[in-house]
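By convention in this document, chain letters (A, B, ...) are assigned in the order of the sequence lines, proteins followed by strands, and residues within each chain are numbered from 1. Small disclaimer: the values here were computed from a predicted structure and weren't measured.
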Protein chains: 2
Amino acid sequence: MQSTLSELEQEVIDVFVRMAGVLNLQRSVGELYGLLFISPEPLCINDCMNKLNISKGSTSQGLKILRSFGAVKPVYIPGDRRDFFEAESALRKIVTGFVNEQVRPHLENGKERMARLESLAAASSDEQEFFLERIKRLRSWQKHANLLLPFALNFIKSD
Amino acid sequence: MQSTLSELEQEVIDVFVRMAGVLNLQRSVGELYGLLFISPEPLCINDCMNKLNISKGSTSQGLKILRSFGAVKPVYIPGDRRDFFEAESALRKIVTGFVNEQVRPHLENGKERMARLESLAAASSDEQEFFLERIKRLRSWQKHANLLLPFALNFIKSD
DNA sequence: CAAATCGTTCAAAAAATAATGAACAAACCG
DNA sequence: CGGTTTGTTCATTATTTTTTGAACGATTTG
C-alpha cells in the first residue's frame with residue numbers, strides 16, 4: 001500500500017514545506033498542499049497518507065486546516081463515498097482565507113487592549129509623557145497593519 | 001537582584017510576545033523587545049534578564065537576534081563598559097530588516113529551483129501539460145511575492 | 001598580574017509542538 | 001441487522017524548539 005513520490009512531486013512538496021515553515025504551519029500541512037497542488041487528479045485521505053507516508057490522523061487534521069482557509073476544496077466523485085480533495089489554485093483566495101483565519105485571530109488585540117494600555121500609561125506618575133508617546137506609536141503601528149492587509153490582498157489581482 | 005514588572009510593562013510585553021508568535025520568533029525575543037520598547041532608559045543585559053527573569057543565555061541570544069534585523073540598537077553610555085540597548089521604533093526599519101534577514105533567506109528558492117522544476121515537468125511523459133501549467137503558476141506566485149514585498153515596505157511611510 | 005565583570009557559546013534539560021494510531025461514530029452494503 | 005469502509009478525535013509518543021547555566025575568553029580594575 002506504500003506508494004512512492006516522483007522526483008517532481010518531491011521537489012514541489014519541498015517548496016511548500018518551506019512555505020509552511022515561514023507561515024507557521026506544520027510540515028504535514030505543507031506536504032499535503034504540495035501533493036495536491038501537483039496532482040492531476042483529486043486525492044482521498046488514503047491516497048494522501050500512502051503517498052506521503054504520514055498517519056491517518058495527521059492527514060485528516062492537515063486537510064481540515066487546509067480546508068479551513070480554503071487552500072483545498074472537496075471534490076465530489078460520483079459513486080465513491082470517500083472524500084476527495086484538490087488544491088485551490090487561486091492565490092487570492094488562499095491568501096485571503098489564510099489572513100482571515102490564521103493571522104487575524106492572533107492579532108485580536110483591538111480597541112479594548114489599546115484603551116487599557118493607554119489608561120495604564122496615563123496612570124503612571126513618572127515618565128508619563130514617554131509612556132503615552134509609546135502607546136501612541138503602538139496605535140499607529142496597529143493602524144498601519146490594518147490598512148496594509150486589505151491593500152495587500154487587493155494587490156493580488158489575477159489568480 | 002530579582003526585579004518586578006509594572007502592570008504597564010507586563011501588558012506591553014504581552015503584546016509583543018503575541019507578535020513574536022505570529023512572526024515565528026521565540027517568546028523571549030518578544031519579551032525583550034517589549035521591555036525595551038516601553039523602557040525610557042536603555043537597558044543592559046543584566047537589566048533585561050533580571051526584569052524578565054530569563055537566563056543570561058536567552059538574553060544574550062535574544063538581543064543578538066533583535067540586533068540582526070535592527071529591532072534593537074546599541075547605545076553607548078560613557079564610563080560604563082556594559083552594552084546598553086534601546087528599541088528601534090521606526091516601523092519601516094524594523095520591517096525591512098525583518099523581511100531581509102528573517103523571511104527572504106527562507107524563500108531563497110529563486111531561479112535555479114524553478115528551472116529544475118520546469119525541466120522535471122517537461123521530462124514527464126504523462127500529464128506533461130498539467131505539470132507545466134502548475135510550474136508556470138508557481139512562477140507567477142513567486143513573481144507576485146517579489147513584487148509585493150518592496151511594495152509593502154514602501155507602504156510604510158511614516159516611522 | 002590577580003580578581004572581578006561582561007558577554008558569548010553550546011551541551012544538556014525543559015518545554016512546546018506535531019505526529020501517531022487506537023477507539024469511535026457515521027454511512028454504506030449485502 | 002452484522003460486517004465494512006471511511007473519516008475524526010484525542011490521549012500518548014516522538015520530535016523539535018527553546019531555555020538554561022556552566023564554561024570560557026576578553027576586557028577592565030585595583
Sugar-phosphate, base or nothing in reach of B/Ser28, heavy atoms under 4.0 Å: sugar-phosphate

Residue pair B/Leu43 / B/Phe85, side-chain heavy-atom distance below 4.5 Å: no

Aromatic ring pairing A/His144/B/Phe155, orientation class (parallel under 30°, perpendicular over 60°, tilted between): perpendicular

Aromatic ring pairing B/Phe16/B/Phe37, orientation class (parallel under 30°, perpendicular over 60°, tilted between): tilted

Any B/Arg67 side-chain nitrogen or oxygen under 4.0 Å from OP1 or OP2 of C/dG7: no

Backbone of B/Lys56 reached by a side-chain donor or acceptor of B/Ser60 within 3.5 Å: no

Length of the CG-P vector between A/Leu63 and D/dT8, whole Å: 8 Å

Nearest to side-chain heavy atoms of B/Arg82, which nucleotide of C/dA19, C/dC6, D/dT8: C/dC6

Nearest-angstrom distance from the residue atom CG of B/Asp80 to P of D/dT27: 17 Å

Check: C/dT8 base within 3.5 Å donor-acceptor of B/Lys64 side chain: no

Per A/Lys56 side chain, nearest of listed nucleotides D/dT19, D/dT8, C/dT8: D/dT8

Atom-pair distance (CZ on B/Phe85; P on C/dT8), nearest Å: 7 Å

Candidate nucleotides D/dG7, C/dT9, C/dA19, ranked by approach to the side chain of B/Ser60 - the nearest: C/dT9

Under-3.5 Å donor-acceptor pair between A/Arg81 side chain and D/dT5 base: yes

Euclidean distance, atom CG of residue B/Asn24 to atom C1' of D/dT16 [Å, nearest integer]: 13 Å

Length of the CD1-P vector between A/Ile54 and D/dA14, whole Å: 18 Å

Atom-pair distance (CG on B/Asn50; P on D/dT20), nearest Å: 13 Å

Atom pair distance, as rounded to whole Å: CZ in A/Phe84 and P in D/dT6: 9 Å

Phosphate OP1/OP2 of D/dT20 contacted by B/Ser58 side-chain N/O (<4.0 Å): yes

Distance in angstrom units between B/Leu25 CG and C/dT17 P, rounded: 14 Å

Non-hydrogen side-chain atoms of A/Asp47 and A/Glu41 separated by less than 4.5 Å: no

